[in-house]
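The sequence lines fix the lettering, A, B, ..., with proteins before strands; numbering per chain opens at 1. Below, all heavy atoms of this structure are taken into account, side chains as well, without hydrogens, waters or symmetry copies.
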Protein chains: 2
Amino acid sequence: MGEMVRIVVVHDETLLRSALAHLLRSDDRLDVSSQCPDADGEARVTPPTDVCVVDGECLTGPDDGRAVRLRARYGDRLVVLTTAKRPGVLRRAFDGGALGLVDKNAPAHRLITAVHTVAKGERFLDETLTVALLEGAEMPLTTRELSVLALASQGAPIAEIAARLHLSRGTVRNYMATAIRKVGARNRVDAIRIVQSAGWT
Amino acid sequence: MGEMVRIVVVHDETLLRSALAHLLRSDDRLDVSSQCPDADGEARVTPPTDVCVVDGECLTGPDDGRAVRLRARYGDRLVVLTTAKRPGVLRRAFDGGALGLVDKNAPAHRLITAVHTVAKGERFLDETLTVALLEGAEMPLTTRELSVLALASQGAPIAEIAARLHLSRGTVRNYMATAIRKVGARNRVDAIRIVQSAGWT
């Protein structure tokens, strides 16, 4: 028997957060608490934590402040849950330095192994995620092209995208055309679909 | 102490399915097994079930065969997990006759209460979902308008949508324009975003 590992579970949905905490408590070497991703105030009074288990979807979206806060608080002692269908989420977790990457389709004991591995400061990468991680490395869009698509996906027309990014309409149209071509999409809607489903925005 | 309630947990992601099963097993009046949504073969050898707990996201998407299969197997003894942000998912579960609707943001004991309530053949509806359910009742689009948007969201151009639905291009454009106006969107991309995020497609 080693020492107890103190972990915190971060998930947007209360019910699934509780469920993950229950699963982890099935290992009696784990001391588990759970919190919602934006519980900044609470975090100050929680006990010291060895590992943070977080749903990768909590690290996406326009507010990447969460990802920054979690990294500031837990460093590389993050176990991120995701799937091969979300290479963008995977890539960002990896680039952000998270030591653990666990497939949401893995059996429960994999998550427990991952937590103990990361608690020792070692890397844990589910083999089912490796190919997706490499594909995510090849994200073909520049930051600007991705910003244009992200704004378009929220329903912004060209003129508004141009104003928001301090670009001319012609330049926005050019970025859009390049982005559509690069991701192999048939049109603007198709490009947005491809980029969103990969978790790149 | 009442009798044991036999439940099955259906969730696309193995890890979260296991986690929900762990949470439910914390009540020793529940006898829990778990399966993936398309495990048709397995289902024949599983023991009789009183209640099926299913993630509402498993009931959406182009393949609504799953929803039909689950209803055929478990009747109204379904507890569907969803959120107020997904009125379309909520509405479909309600219209499909599921007795239980539980908010994913509810505390864990609500799910356990819901399971016992539905096992007795009674309705359980989280109050936090009521408003969203009523809003979902007001889905403003016709089936045709929704089909046009659904095909567009997959990246299909007007000509292809017209061919798939056996309509003229002009008619498709009219449906699209009506749909954009009805959901209060600014353009096609915005309409798709609104309809998808509500869970109507």
Asks: Checking heavy atoms, do the side chain of B/I194, its backbone, both or neither come under 4.5 Å from chain A?
Replies: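 Neither; nothing under 4.5 Å.
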Asks: Does NZ in A/K85 sit with more than 12 non-hydrogen atoms of other residues, nucleotides or ligands closer than 6.0 Å?
Replies: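 At most 12 heavy atoms, drawn from other residues, nucleotides or ligands, come within 6.0 Å of this atom.
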Asks: CZ/B/R17 to CG/A/L23 distance, rounded to the nearest 0.5 angstrom?
Replies: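 Here the rounded value is 12.0 Å.
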Asks: Should we count CZ of B/R164 as having more than 12 external heavy atoms under 6.0 Å?
Replies: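 At most 12 heavy atoms, drawn from other residues, nucleotides or ligands, come within 6.0 Å of this atom.
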Asks: Measuring from B/N187:CG to A/R188:CZ, what's the distance to the nearest 0.5 Å?
Replies: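 It comes to 8.0 Å.
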Asks: Compare every heavy atom of B/V102 with every heavy atom of A/L15, then report the nearest pair and how far apart it is.
Replies: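 Of all heavy-atom pairs spanning A/L15 and B/V102, the closest is CD2-CG1, 4.1 Å.
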Asks: With a 4.5 Å cut-off on heavy-atom pairs, point out which of A/A106, A/A108, A/A191, A/P107 contacts chain B the most.
Replies: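 The candidate making the most pairs under 4.5 Å is A/A106.
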Asks: Given heavy-atom pairs under 4.5 angstrom as the criterion, report whether the side chain, backbone, both or neither of B/A156 touches chain A.
Replies: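 Both backbone and side chain.
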Asks: Can you give me the closest heavy-atom contact between A/T83 and B/E13, atom names plus distance?
Replies: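 Looking at all heavy atoms of both residues, the shortest contact is CG2-OE2, 4.1 Å.
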Asks: Determine the option with the most heavy-atom pairs under 4.5 angstrom with chain A, choosing from B/R193, B/R110, B/R186.
Replies: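 Looking at each option in turn, the highest pair count goes to B/R186.
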Asks: Given heavy-atom pairs under 4.5 angstrom as the criterion, report whether the side chain, backbone, both or neither of B/N105 touches chain A.
Replies: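 Contact with chain A is through both the backbone and side chain of B/N105.
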Asks: Considering residues, nucleotides and ligands other than A/R25, do more than 12 of their heavy atoms fall under 6.0 Å from its CZ?
Replies: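 Check passes, neighbour count above 12.
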Asks: What part of A/L24 gets closer than 4.5 Å to chain B, counting heavy atoms only: side chain, backbone, both or neither?
Replies: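 No part of it gets close to chain B.
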Asks: Using a cut-off of under 4.5 Å on heavy-atom pairs, state which of A/A185, A/S153, A/A21 scores highest against chain B.
Replies: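 Result: the option with the highest number of such pairs is A/S153.
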Asks: Determine the minimum heavy-atom distance between A/D190 and B/Q154, stating which atoms define it.
Replies: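 Minimum heavy-atom separation between A/D190 and B/Q154: OD1-O, 3.3 Å.
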Asks: Given heavy-atom pairs under 4.5 angstrom as the criterion, report whether the side chain, backbone, both or neither of B/A152 touches chain A.
Replies: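 Only the backbone of B/A152 comes within 4.5 Å of chain A.
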Asks: Quick one: what part of B/P157 sits under 4.5 Å from any heavy atom of chain A, side chain, backbone, both or neither?
Replies: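 Contact with chain A: backbone and side chain both.
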Asks: With a 4.5 angstrom heavy-atom cut-off, which part of B/S197 approaches chain A: side chain, backbone, both or neither?
Replies: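 Interface part for B/S197: neither.
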Asks: Between B/I192 and chain A, with a heavy-atom cut-off of 4.5 Å, which part of the residue counts as in contact: side chain, backbone, both or neither?
Replies: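 Contact with chain A involves the side chain of B/I192 alone.
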